[in-house]
There are 2 protein chains.
Amino acid sequence: MEKKCTLKDLAKILNLAVSTVSKAINNSPEISQLTKIKVQNTAQLYNYSPNKSAQNLKTKKTKTIGVIVPDVLSHFFAMAIHGIETEANSKGYKIIICLSNESREKESKSINTLINGSIDGLIISLSKETQITEDYGHFEEALKYNFPIVLFDRTFEKIICDKISINDQLAAKEATEYLLQTGCQNIIFLSTISGTSVGEKRRMGYLDGLKNTGIQSSILNIKNYNSFEKLLMSQLQNFKVDGIVTADELSAISTMKYALKNSFKIPEDISVIGFTNGVLAENYIPSLTVVDQQAKKQGTIAARTLIKRLNKKKPIKPVHRTLKTSIIQRQSTFALTAKITEIDNPSGKQLPSKV
Amino acid sequence: MEKKCTLKDLAKILNLAVSTVSKAINNSPEISQLTKIKVQNTAQLYNYSPNKSAQNLKTKKTKTIGVIVPDVLSHFFAMAIHGIETEANSKGYKIIICLSNESREKESKSINTLINGSIDGLIISLSKETQITEDYGHFEEALKYNFPIVLFDRTFEKIICDKISINDQLAAKEATEYLLQTGCQNIIFLSTISGTSVGEKRRMGYLDGLKNTGIQSSILNIKNYNSFEKLLMSQLQNFKVDGIVTADELSAISTMKYALKNSFKIPEDISVIGFTNGVLAENYIPSLTVVDQQAKKQGTIAARTLIKRLNKKKPIKPVHRTLKTSIIQRQSTFALTAKITEIDNPSGKQLPSKV
DNA sequence: CTGAAAGCGCTTACAG
DNA sequence: CTGAAAGCGCTTACAG
């Protein structure tokens, strides 16, 4: 690879000092208009652009944000990344992405490689393992140096930093109440993410929703998709169930898939509501009623919050933002005409009402 | 944010020269065992880790790979990113991700901000706009300096660099032949990505597949999902169609969604085959028969190829790798007992055979 | 085996 | 308005 043109090269060509050239390129008011034009023209001619490593070293800024998420395959995180990238880019930042694959070890390694001058700040959604073990030791060093961190979605109260999330507990309570209002009498909670902060909060929200209804609660935790059908069916065949609140998107879809396969009708026999408004939820038959988690917005706000902090001279108090959720009513549940806006019912079919 | 410990700090504490400390930390054979141990212990004690910007500036390496993809929401690119990240990480590289959002402008900007010392090499899948306009000017500078680039999936022959892809034309031909072999007589090709290299190749493959069969070809290009149902239905209702080769995953799912909604049976009335083995294809009812594009493997090989090049002292000739595809037979088509392995038919139902 | 020096490519306080 | 100098935090050829 050939050598790129440097400030020194330009200085020699123009017969100017390196410092003058630097200032001219950065449009410093110290420099005369004439010189600026001359310098900028030659810079363009030689396709000059400042070396980032040198700039970073000198200015102690990288204009880069680190992002660590559990995975990139689930719609929620992909969408959040999209939001982060868009916002960051519009403010002149690049993003480095690390996937923890739900592993604390990998998360820890990523933090360590990133905070040594590769990035200005970090946006993280915690790995399942980190949340289950509650071992946050790998954050200590970053926190000691006051390294700017924003947690989103899967957060933890003991880590003192900016946090962006939805009110998972309230959202699950509302989802449960929604099923109740459409006439469901036997509602269970199904989760493949028990142990994560959001999984636990949603479970509690479900319990909140059933409080004072006299309805027996029932929780089905599934660790592994291999046993999904077996566990779900043993529940559906041995107990009366007419409504299922699921903790994420894929588990909702799998619930529908196996229920339909085993001749249950949705929503006639069983209503299903899920979390995250993804492409699966939207395109499935029946389309899935979901709690919109505002994935993109969480990403956008996370990036915005971080960049705001980076631009402050003095440390500011941690910011906690809780985004509002809404229920998107589709075909996997009965209709609720009041309150909830019906969007995106591509079939145009009238949603059935429970009598 | 507090100051991090530097080599200079350590040197002062240990009463050694900066150069000695540097070598000790990097385990240079020049340094005595005793000194190494002393230095490494204090380094650990003070939580020392070398400043990346300084290292990058000095060594002219960043151990970072840039990745530019059209989006992160489609399963193919998310999976490719997963492959790239895993491979890169295992070799000690980080990845910076930029999303072109199918825009040439954004792609161009990303290239320019990345190649100025932020990364060692670049992995790109071209944006739709770049491919349609065939304007590759934004690659000129990088190519002039021999900047290491790997193109994957959406490639272009005029850009001289490493390339990883599948044989899209052959894969589409095989998909078409597959439908023929299961008994389809009126097969159309449906695409929402016409104009991209892969879209065109798949279209040609479809035509190849029909050659010498006497079957009339018919191509349905859809630019916008808003008119998807209307265009598809006008085709299905006015012409005899019993097989559809679609150019990607979401368009296949949408095809099934709207066909089912309009009372067509799949595969009895219409067989559908798609590209990309994503979570939609796997979980839909009926599950979708697809050409497995080897998303993760394309990513892995792209990263591996790039890193191999980065480790070479001398420039080597561009590498072109074409990965083998396979058809994953599911429920959206009739069964073909020979040749093709049936995997992932979660329902366990026997696939119907066309008589 | 240890250290002094140069230099990667920038920016910026200071001098003239 | 222009320039000489110092320095960001490293690495590495060279000297001793």
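These figures come from a predicted structure and were not determined experimentally. Throughout, a chain's letter reflects where its sequence line sits, starting with A, and its residues are numbered from 1.
- Nearest heavy atoms, B:I316 versus B:R309: O-NH1, 3.0 Å.
- Nucleic acid contact class of A:E30 (heavy atoms, under 4.0 Å, all strands): base.
- For the pair B:K58 and B:S32, nearest-nucleotide mapping onto DNA chain C gives the more 5' position to B:S32.
- With hydrogens and angles left out, the side-chain atoms of A:S127 and A:E102 include no donor and acceptor closer than 3.5 Å.
- For the segment residues 17-27 of chain A, the set of residues with a heavy atom within less than 4.0 Å of an atom of DNA chain C comprises A:V18, A:S19, A:S22, A:K23, A:N26, in numerical order.
- For A:K4 and B:Y145, the positive end sits near the middle of the six-membered ring, less than 6.0 Å away and at most 45° from its axis.
- Nucleic acid contact class of A:T35 (heavy atoms, under 4.0 Å, all strands): sugar-phosphate only.
- Using modelled atom types, one finds no donor on one side chain facing an acceptor on the other under 3.5 Å when comparing B:D153 with B:S165.
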Secondary structure of DNA chain D per the Watson-Crick/G-U criterion (both distances under 3.5 Å; [ ] crossing, | other strand, . unpaired) is |||.||||||||.|||

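- We find the OG1-CD distance between B:T305 and B:E87 to be 9.0 Å, quoted to the nearest 0.5 Å.
- Taking all atoms of both residues into account, the shortest heavy-atom contact from B:I96 to B:S118 is CD1-O, 4.5 Å.
- Exactly one residue among B:E129, B:H138, B:Q131 makes a side-chain hydrogen bond (donor to acceptor under 3.5 Å, both in side chains) with B:R104. That residue is B:H138.
- With a 6.0 Å radius and a threshold of 12 heavy atoms from other residues, nucleotides or ligands, B:K38 has its NZ atom at or below the threshold.
- Residue A:S28 holds its OG atom at 6.5 Å from NZ of A:K36, rounded to the nearest 0.5 Å.
- With a cutoff of under 4.0 Å to any heavy atom of chain B, the contacted region of DNA chain C is bounded 5' to 3' by C:dC1 to C:dG9.
- With B:Y136 as the aromatic partner, B:K158 does not meet the cation-pi criteria of under 6.0 angstrom to the ring centre and within 45 degrees of the ring axis.
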